[in-house]
Amino acid sequence: MSLMRLCGVNVKFEKRAKLLGEEQKIHVLKDIDLELYPGEILALVGESGCGKTTTGKVITGLLPPTEGAVFLEEESLYRKHGGKDGTNRLVQFVQQDSYAALNPVKTIRQSLTAALRCVDKKIKGEALNNRLEELMECIGLTPAVQYLDKYPHNLSGGQRQRILMARAIAFHPKIIVADEPVSMIDVSLRLAILNLMKKLNQEMGITVVYITHDLSTARYIAKNGRICVMYLGEIVELGEMEHVLTKPRHPYTQALIKAVPDVWNTAAEKLPLKSMELSDLEKRKAGCAFANRCPYETEECARAVPLKDMEGVQVRCVNACKI
């Protein structure tokens, strides 16, 4: 049974033309159908502007969909009037910029205490201190006393990212959405953060949605999980990580994989895309969003294509079986 379901989710943003004062709706997410399962790791990948973060905000309850529904344990995450109910505490968001995500004038102790008191308003004294030490031990920052009374600027980027993880698990979440959590961290420290997320997933059974544009980190953290490839607000391929990466069906997934530098094979063949530029959301047509860049484009690509199952992998491409 799925833990969360996104059913026909669409998100449209209003854009006002500067000269004419006319309003235009930009279709940012289009017909997103996605299920999250207990204890899994799902990597959400794609180019910048493809809708990964917007999808993450819908999952966490930060952004109500314009159309469609989101169910957490078969209960609606959003009320009919578009507001939020209390269930979104079970879904926590870990931001990309750890410095901006922490209050610079509050100590780590104050920031984590505020999160703990959202769960238990009466927690204080020894019980509070014990819980703070538990959180710090979970994220690998020990002894806790060495870090709790420091301010965010006194910590490194990797340490601040760990604090964000601690704040997230303070709510006893069932899902954590991590938005590019290692992109602003030194390369030498990224592995430690990825291992921390894997630890939270394995030891606490927390479902992790890992948002990234980096296929190498996606494959590392979700090797035994699933990958969801997005392009221009649509899911174009969804399936088990190794199945998708070893035999990509969608041309966009093929292009992403071939774009990864291979130090052992410098002569690796690149997919000859028509254009390297991400398509414009405002000019998207009814058919395949990737058609204007795809080397396999045919007349069939002009019509809308739903996700279809191919050997256990869902693909949105009319020519997938011919490639």
Side-chain angles (χ1 to χ4, degrees), residues 41-45 48 52-53 56-57 60 62 91-119 123 128-173 175-204 206-223 225 260-261 263:
I41 298 180
L42 173 74
L44 199 57
V45 305
S48 296
K52 304 187 300 294
T53 297
K57 288 181 178 179
T60 52
L62 296 173
V91 189
Q92 291 298 309
F93 193 69
V94 175
Q95 297 87 342
Q96 177 181 7
D97 188 345
S98 59
Y99 191 79
L102 292 168
N103 191 327
V105 298
K106 289 187 180 294
T107 63
I108 303 306
R109 183 187 301 275
Q110 291 172 318
S111 293
L112 293 181
T113 298
L116 289 171
R117 284 183 174 158
C118 286
V119 179
I123 191 170
L128 174 60
N129 289 331
N130 289 341
R131 184 67 180 126
L132 287 171
E133 288 188 7
E134 286 177 12
L135 289 176
M136 297 300 282
E137 186 175 350
C138 280
I139 61 170
L141 292 182
T142 55
V145 67
Q146 185 176 334
Y147 302 95
L148 286 172
D149 294 315
K150 290 186 176 181
Y151 291 88
H153 69 271
N154 297 133
L155 303 180
S156 68
Q159 290 171 338
R160 287 195 300 268
Q161 202 67 47
R162 288 172 181 266
I163 297 299
L164 292 186
M165 295 287 181
R167 187 171 66 180
I169 63 177
F171 290 91
H172 304 289
I175 301 173
I176 287 180
V177 178
D179 186 11
E180 301 272 11
V182 298
S183 63
M184 299 181 70
I185 298 176
D186 188 79
V187 175
S188 61
L189 300 175
R190 291 180 183 179
L191 191 62
I193 300 300
L194 294 175
N195 285 336
L196 173 59
M197 287 192 289
K198 290 176 73 172
K199 174 187 172 184
L200 297 178
N201 168 256
Q202 294 167 1
E203 296 183 3
M204 298 184 178
I206 299 173
T207 296
V208 176
V209 179
Y210 177 69
I211 298 174
T212 185
H213 62 272
D214 185 349
L215 279 180
S216 59
T217 60
R219 186 174 192 176
Y220 179 80
I221 192 172
K223 184 176 182 180
V260 176
V263 295

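Being a predicted model, the structure only gives us computed values, none of them experimental. Along the sequence shown, residues carry numbers from 1.
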Measuring from atom CD1 of I163 to atom CG of L141, what distance do you get when rounded to the nearest 0.5 angstrom?
5.0 Å
Set out, in order, the CA-CA distance, both residues' side-chain angles and the distance that settles side-chain hydrogen bond (donor to acceptor under 3.5 Å, both in side chains) for Q92 and T60, then state yes or no.
CA-CA 6 Å; Q92 291 298 309; T60 52; over 6 Å; no
Flag side-chain contact, heavy atom, 4.5 Å: L132 against L148
yes
Using modelled atom types only, decide if a donor and an acceptor are shared between the side chain of Q95 and the backbone of A178 within a distance under 3.5 Å.
no
Kindly indicate, with the supporting measurements, whether the criterion side-chain contact (heavy atoms from CB on, under 4.5 Å) is fulfilled by R109 and Y147.
CA-CA 8 Å; R109 183 187 301 275; Y147 302 95; over 6 Å; no
Under the side-chain contact (heavy atoms from CB on, under 4.5 Å) criterion, do K106 and Y151 qualify, and how do the steps go?
CA-CA 6 Å; K106 289 187 180 294; Y151 291 88; 5.7 Å; no
Got a donor-acceptor contact below 3.5 angstrom from the R190 side chain to the V182 backbone?
yes
Donor-acceptor contact below 3.5 Å, side chain Q110 vs main chain T107
yes
Gap separating the CG atom of L44 from the OG1 atom of T212, nearest 0.5 angstrom
10.0 Å
Tell me, with the steps shown, if Q96 and S183 meet side-chain contact (heavy atoms from CB on, under 4.5 Å).
CA-CA 7 Å; Q96 177 181 7; S183 63; 2.8 Å; yes
What's the verdict on side-chain contact (heavy atoms from CB on, under 4.5 Å) for Y210 and L194, showing C-alpha distance, side-chain angles and the deciding distance?
CA-CA 10 Å; Y210 177 69; L194 294 175; 3.7 Å; yes
If every non-hydrogen atom of V45 is compared with every non-hydrogen atom of K52, which pair is closest and at what distance?
C-CD, 3.6 Å
Of the non-hydrogen atoms in S111 and R167, which two are nearest, and what is the gap between them?
O-CD, 4.5 Å
Counting N and O atoms only, with roles assigned by atom type, does the side chain of R117 sit under 3.5 Å from a partner on the main chain of I123, one being a donor and the other an acceptor?
yes
Look up atom NE2 in H153 and atom CZ in R160, then write down how far apart they are to the nearest 0.5 Å.
10.0 Å
Looking only at atom types and distance, does a side-chain atom of N201 sit under 3.5 Å from a main-chain N or O of I206, one as donor and one as acceptor?
yes
Residue pair I169 / R131: nearest heavy atoms and the distance that separates them:
O-NH2, 3.8 Å
Heavy-atom nearest pair, A168 first then I176, reads CB-CD1, 4.1 Å
Please tell me if the side chains of L200 and V208 come closer than 4.5 Å, counting only heavy atoms from C-beta onward.
no
Where is the tightest heavy-atom contact between P152 and L102, given as atom of each residue plus distance?
CG-CB, 3.8 Å
Hey, is the main chain of S156 close enough, under 3.5 Å, to the side chain of Q159 for a donor-acceptor pair?
yes
Do E133 and P143 make a side-chain contact, defined as non-hydrogen atoms from C-beta onward lying under 4.5 Å apart?
no
What do you reckon, is NZ of K150 surrounded by more than 12 foreign heavy atoms closer than 6.0 Å?
yes
Closest non-hydrogen atom pair, L164 against A101:
CD2-CB, 3.8 Å
When rounded to the nearest 0.5 angstrom, what distance separates CD1 in I211 from NZ in K57?
9.5 Å
Under 6.0 Å from the ring centre and within 45 degrees of the ring axis: does the NZ or CZ of K198 meet both conditions for the six-membered ring of Y220?
yes
Between the CD atom in E137 and the CG atom in L135, the distance rounded to the nearest 0.5 Å is 10.5 Å
Distance check, rounded to the nearest 0.5 Å: I108 atom CD1 versus M136 atom CE?
7.0 Å
Determine whether more than 12 heavy atoms belonging to other residues, nucleotides or ligands lie under 6.0 Å from atom NZ of K199.
yes
